[in-house]
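See below for the structure under consideration.
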Amino acid sequence: MTKQVELGSITIDRVVEQELPFAAALEFFPTLTPALLEENLSWLQPDAIEPVSGKVRLCVQSYLVRTPHHNILVDACVGNHKTRPTRPMWHMMASDSYEKSLASTGLGPGDIDFVMCTHLHTDHVGWNTRLENGRWVPTFPKARYLFSEHELAHWTEKEKADPEGHPWITDSVLPIVALGRAELVRSDHALGDLVRLVPTPGHTVDHFSVHVGRAGADALIGGDMIHSPLQLRYPDLGMRADHDPAQAAQSRRRVLEGLCDTSTLLCTMHFPSPSMGRVVRWDEGFRLVPL
Ligand SMILES: [Zn+2]
């Protein structure tokens, strides 16, 4: 069970599906040089980079935000029973870790009012649906699912042209749309006065982050705007799945400058546990002071 964070009238819990060594650092960050990696290994190991394999360690998780009005899940991880032939560690998973982690917060799937997907990659949409009698049904029976309209249009086109190349859209996004459970919004949408989307494009065409709380007691849930503490120190460093690396770097730099030396908590999706902290300056970049 992870530690709950209280920020004024809201609380934030992590719902962790897995934490694992994912890919070799030099493959994960295509422009990273062996020399720069070497220079940073002493502080990246063992949490952010696994010592023996040299692989980047990623956490895969959702954030559960409770406001006085709503229970909101930001991002939906990988999911169970999904065909992911290009990702062996996520292929046909049958794990109870996500459900157990959600249960440890005191809430169940039926308590979730909104699911927000920062973007529509496979490790952020999986638990949108679950398999029931051979059909994909919403995992969260009463939830509305918030997607960026532009992001959804992009992936819907891609799936139409090449369904086999985009199975996560077929099994975890389109069933939600077909059932009328999706709410299509702009990437600066606000939900009441405590939750607001912040456009952070680049990793995908219309990626958003989620700002929660009020000034002085607030957090930014960053989705895949950033993947590793190494990108805090070097905000221009892109990861291999970035749609537009230059735009992703711009979004990262802008957001991190805004957070630097403030009390706003940065909640990352993929940093190793505890995944959250406050941003301070480090040379030309930044580092996280863990919570
Ligand atoms: Zn991701």
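Just so you know, ligand 1 is whichever comes first in the structure, and atom 1 is the first atom listed for that ligand.
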For this session: Please state whether the rings of F147 and Y145 are parallel, tilted or perpendicular, taking 30° and 60° as the class boundaries.
Result: tilted

For this session: Assign the ring pair Y98 / W127 to parallel, tilted or perpendicular, where the plane angle (0 to 90°) is split at 30° and 60°.
Result: parallel

Exercise. Under 2.8 Å from the Zn ion (ligand 1), which protein atoms of type N, O or S occur, listed by chain and number?
Worked result: D123 OD2, H124 NE2, D224 OD2, H270 NE2

For [X] and [Y], test the side chains for any donor-to-acceptor distance below 3.5 angstrom and give the result as yes or no.
| X | Y | result |
| --- | --- | --- |
| D13 | T105 | no |
| T204 | H243 | no |
| S273 | R14 | yes |
| W43 | N40 | yes |

